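Inspection log for the structure reproduced underneath, given as structure tokens.
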Amino acid sequence: MKYTSQRGTRDILPVDMPVWHNLEKNCRKLFELYNYFEIRTPIFESTELFARSIGESSDIVSKEMYTFKDKGDRSITLRPEATAPVVRAAIQNNLIEKDKITKLYYMGPMFRYERPQAGRYRQFYQSGVEVFGSKDPALDAEVISLSVQIMDKLGLSDLSVKINSVGCKSCRPKYMETLKEYFKSNAKNLCETCNNRLETNPLRILDCKDPSCQKHIENAPAIIDFLCEECKTHFEKVIYWLNVLNIKYEINKRLVRGLDYYTKTTFEIVSGKLGAQNAVCGGGRYDNLVVEFGGNDTPAIGFAIGMDRMVEVLKEHGTQSTEHRFRLLYIATLGDAAKKLGVELLLNIRKSGYAAEMDYIGKSLKSQMKEADRIKAKYVLILGEDEIKSGKAMLRNMETAEQGEVLLDKVLEEIIVRLQSKGSKF
RNA sequence: GCGGCCUUGGUGUAGAGGCAACACAGCAGAUUGUGGUUCUGUUAUCAGGGGUUCAAUUCCCCUAGGCCGCCCCA
């Protein structure tokens, strides 16, 4: 094969489209029920936009970005996530107004240079929301609830919601210090990567699966115990509202998200049906990002759903909806005169809003019938020399195998009548 | 970036150091104008490159890709 898709990218083929469409349709529907409006931002942005928001020390920025210089010597990066671009766009277009809630949703491809694995691609798709303008914990719960509603709507079970709080500017530094101190005292027992993390990002040690680190992690101070008053009550109220909304969740003290902009609430939905890459949704609050990007001080919260993984779960779940197709007419022709008539008729059928197809390979009548059968045509209109001479055509119902003659003058009407109704004789 | 397993026709599989087998799909034909059954025929230099050998698709090495794990995350 001369060319193949690039590593970590794949073609999403027609067979899988019903599942994708179903997912997209349901996301859109729920987002709009919650009064979100769609926004589409560019696939690439300045590298700095991501470096600043996601964090220089994060894995995403330090090793996973598709970054290149354009012909104007600008450093460009293919978006690894959508929150930063959406925040940028919201500020740039004055979508965020004082004392007003702005709700945006998006859907599209993201890019991260990682080693491909099941459920992990270099070009992958996310759909998510961002809300600006409220620090109400009830909103946190609503946002989490929305993501859960989508899963419900899609009929997914075996999912669990994990939540945590990562504190804010005032309490996180203190916690980080304590954590650093704690791990430093055990540094010789930690794995190599965790030793590096001690300096770069001690928070992430909490996520380490290395057995030698695990036992220290068990006893590590938890951020929840270090939250400032504001963050603490915020977290408690989120829990309160989650209970009001009747959402099942697990508090995961070690849920650390890999993006630096998160404050207070973070959450994740994981599926028991996937492999190691089991997070299907992740998000959280980011109250400082808007002001850091030069907007007015505006709290915000959002999440992203990993669509590729959702599709996997949906396929496993067997809920792929077969997409509705039109009742299809196949026009079989024999001879040049018939072909001309067929081509004209084909156009008119389609102009009338009905699906139709005919042969362009020069197949025999038998093969045309086979083809009609293969593409599941409901009717076949047979136009042959004999029919044309007598001013008639043969119309065959492929399901009942009944057929009858129709006058060429009225063939369009006759066909339409049959394509509309199910009870016709042939 | 690291480790393990893997890569045979359109698809799914078999195979052995020396004619690459099977199923399904596809195409053609079995009434030179009619489908879904049946029958017949037909469809691959075994991912790419290099090496060992009289001989390799089968053994070895490299590369690419896939899967799984680490890492990270959606």
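In the text below, chain A, chain B and the rest are named by the order of the sequence lines, each starting its count at 1. Values in this document were obtained by computation on a predicted structure and should not be read as measured data.
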Are any protein N/O atoms closer than 3.5 Å to N/O atoms in nucleotides 40-45 of chain B? If there are, list each pair with its distance.
none

Give me the distances for all protein-to-nucleotides 3-10 of chain B N/O pairs that come in under 3.5 Å?
{"from": "B/rG3", "atom 1": "O6", "to": "A/Arg115", "atom 2": "NH2", "distance (Å)": "3.3"}

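For A/Glu181, there are no salt bridge (Lys or Arg N to Asp or Glu O under 4.0 Å) partners two or more places apart in sequence or in a different chain. With sequence neighbours excluded, no residue forms a salt bridge (Lys or Arg N to Asp or Glu O under 4.0 Å) with A/Glu81. Residues forming a ring pair (Phe, Tyr, Trp, His ring centres under 6.0 Å) with A/Phe111 (at least two apart in sequence, or on another chain): none. In this view, A/Arg172 satisfies the salt bridge (Lys or Arg N to Asp or Glu O under 4.0 Å) rule with no residue, not counting sequence neighbours. Partners of A/Asp373 by salt bridge (Lys or Arg N to Asp or Glu O under 4.0 Å), not counting sequence neighbours: none found.
Within residues 104-114 of chain A, the residues that place at least one heavy atom under 4.0 Å from RNA chain B are, in residue-number order, A/Arg112, A/Glu114.
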> Which letter, B, S or -, goes with each nucleotide of nucleotides 27-37 of chain B from 5' to 3', with contact meaning a protein heavy atom under 4.0 Å?
Replying inline: SS----BBBB-
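Stem list for RNA chain B (at least 3 consecutive Watson-Crick or G-U pairs, distances under 3.5 Å): B:1-7 with B:64-70, B:10-13 with B:21-24, B:26-30 with B:38-42, B:47-51 with B:59-63.
Residue pairs satisfying the salt bridge (Lys or Arg N to Asp or Glu O under 4.0 Å) criterion with at least one member in residues 38-47 of chain A, sequence neighbours excluded, are listed as follows: A/Arg28-A/Glu38, A/Glu38-A/Arg40, A/Glu45-A/Arg88.
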Without placing hydrogens or testing angles, list every side-chain donor-acceptor pair under 3.5 Å for residues 328-336 of chain A, not counting sequence neighbours.
{"from": "A/Tyr330", "atom 1": "OH", "to": "A/Asp359", "atom 2": "N", "distance (Å)": "3.4"}

